[in-house]
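To keep things clear, I will list the structure first and then write my remarks on it.
Both ligands and their constituent atoms are indexed starting at 1 by order of listing.
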Amino acid sequence: MKSVRPITLNNTLSGKKELFVPLKKGKVTMYNCGPTVYDFAHIGNFRTYIMSDTIRRVFEYEGLKMKQAMNITDVDDKTIRRSLEEGVTLETLTAKYEKLFWEDMESLNILKPHKILGARDHVKDMIKMISVLLKKGIAYKTADGIYVSIDKVKNYGVLARLKIANTDSGTTGQANHEHGRIANDEYDKENPRDFAIWKFSANKDSAEEDETVAWNAPFGCGRPGWHIECSAMSIKALGKTIDIHTGATDLIFPHHTNEIAQSESATGKTFVNYWIHGGFMNVEDEKMSKSKGNFLKLADLVAEQISPIAFRYWVLTSHYRSQVNFSFDAVRAAQTALLKLCEEIIRWGEEEKIDTKAKTGKLKRIAKIAPDETYKKEFETAITDDFNMPQAVATMWKVTKDPALSPAEKKTTILDFDKVLGLRLADISTISTSPILKKEEIPLEVTVLAEARLAARLAKDWPKADALRAEIESRGFSVKDTEQGFTIEEL
Ligand code: AMP
Ligand code: ZN
C-alpha cells in the first residue's frame, strides 16, 4: 500500500497551517454546510462547494477514505419567509431549489457527498439536543423561544476571536444575559448575543393546529434555529467529533461559532478538529446582491457561452482562501486556456494512435504507461500543501509543454491529475455537453477539432488535417476552409 503523504491545511481555529492528523488512521470525516434552498445558488456558493469537492478529491487521491456529509437547509427564517411571499408550501419551494442545486453541482462535476441530510427530516435530533442543553442549564426558555446563554458556554467565540465583556466563561452560577438576545439566525460579529435554538410558534401547544411551520416538542411547539440544525445533523451523520467542517468565511460568525457552542456544551467533546473556510467571491469588485443586479447563477454564465467546467477551472486557479473577483473577461480567458488543453489532449490521442499503428506491439506498452513520476511528485507537493490548486494547475501546464514527454505520457499524467482537478478531461466532449451548453448549435468540442485541423493545415500536415476532418464529420458536422480560418456547418 502507498504510504500517506503528510497533508497540511490552514485551520481557522488556530489561524495556522497544521499537519492534518485524522481521528481514525486512513479515514476522514468532513461536513460541509450546505445550501439554504430558498432561491438559486449563486456562483459564490459554488466556489465554496468546488473547494470542499477539491478537499475530498485530494484526500482520496492520497489514499484516504472519505466520509462526507452535507446538509440541506430546508427550514429556516429565509425559506419560511420566501414560501409565504410566493404563496407555496415550504416543501414545494425547497424541493424546487434543491433539485436545481444538484443539477448545477452535477454540471460542475462536484461529487455527491456520501450523506445528504435535509433539516426537516432531523428535527427530532435537534429537539433531543435542545433538551440536553436545557437540562445542563446552557439554554433557557423565554416567551418566544429557547436561547443559548453565551455566558454559560466554555470559550464562546474562540473561532471568530471574539472579545466578549462580562462573560463568566461557563463557570457555575447564574448567567447575567448582559449581551441581550437575538432571535434572528444571522447577526453581526460586533454584537455577540444569546441566540435562538428554538423559535416558538404562535400556538405553543400543538403543531397540528398551527398554520406556520412547526413541530411538537416537550418544551413547546415551534421550529429549530439555523445553527442547531447543522450541529445535530453533523453529529448524526458523522459522530460527536469530526475531522473537518467547511464553509466560506461568512459562516465563521455567528453560524460556526454557535455550532461549536451548542455541540460542545451538549456532548462535552471537541466538535471539529479542523475548520476550513474559503474566501469570498465578489463580482466585478462588488458583493453579490440581488439589488445590485450582480447575483450570478451558473445559468447566467452559460448564457454567455461559459461552460460550468471552465468556471470550475477558473476557480481552481486561485487559492481557496483568497478573496476572488469574478469578471466575465477573466473566466473567458480561463475557458480559452481550457480549450487549448482539450485541443492538446485530442492531438496527443491522435499522435498516440499514429504511433501505435507505426510500431507493432507498442499498444501493449502504451497501455502500461504510468503518470510521470517527477511531475506527479510536484503535483502532490502542491495539493497536500493547504490544497494549493493554483500551483497544481501550473504543474499540469508544465507537463503539457515538456518536450521530453511523449504524447502518451503527457495524456496519462494529465488524466491522472484530473482525478483531483475534476475537469472531465477523460471525456472532453462533456465540456460542451454540460446541460445548458447543449443548446449551442456547434458543440465546443467540434470547434476544438476544427481549430486543431486549422493548426495542422498551417503546418501543412495534410494527413492529420484529413483525419481531423473525418473526426468532425463523424460527429455530424462539416468544416469548410475560408480565408479567415474555417466555418462549421451541420451535415
Ligand atoms: P448559503 O446557501 O447562503 O447558506 O451558503 C452556502 C455556502 O456558500 C456557505 O458555505 C457560504 O459560506 C458560501 N457563500 C455564500 N456567499 C458566498 C460568496 N459570495 N463567495 C463564496 N462563498 C459564499
Ligand atoms: Zn451549517
Where does the angle between the aromatic ring planes of [X] and [Y] fall among parallel (under 30°), tilted (30 to 60°) and perpendicular (over 60°)?
{"X": "Tyr320", "Y": "Phe387", "answer": "perpendicular"}
{"X": "His245", "Y": "His256", "answer": "perpendicular"}
{"X": "Phe271", "Y": "Trp275", "answer": "tilted"}
{"X": "His227", "Y": "His255", "answer": "tilted"}

| said: So if I only count non-hydrogen atoms and take anything under 4.0 Å from ligand 1, which residues does that give, chain by chain? | reply: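 Contacts of ligand 1 under 4.0 Å: Gly34, Pro35, Thr36, His42, Gly44, Asn45, Thr48, Tyr49, Gly247, Ala248, Asp250, Leu251, Gly279, Phe280, Met281.
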Can you confirm whether the side chains of [X] and [Y] place a donor and an acceptor under 3.5 Å from each other?
{"X": "Asp243", "Y": "Asn273", "result": "no"}
{"X": "Asn258", "Y": "Tyr156", "result": "yes"}
{"X": "Asp151", "Y": "Ser149", "result": "no"}

| field | Pairs touching residues 299-308 that satisfy salt bridge (charged side-chain N to carboxylate O under 4.0 Å, His left out), sequence neighbours left out | value |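 Pairs touching residues 299-308 that pass the test: Lys297-Asp300, Glu304-Arg332.
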| side-chain hydrogen bond (donor to acceptor under 3.5 Å, both in side chains) with Lys99: which residues, sequence neighbours excluded? |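 Partners of Lys99 by the side-chain hydrogen bond (donor to acceptor under 3.5 Å, both in side chains) criterion, ordered by chain and then number, come out as Glu103.
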| said: Just to be sure I understand the site: which N, O or S atoms from the protein are less than 2.8 Å away from the Zn ion (ligand 2)? | reply: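 Listed by chain and number: Cys33 SG, Cys230 SG, His255 NE2.
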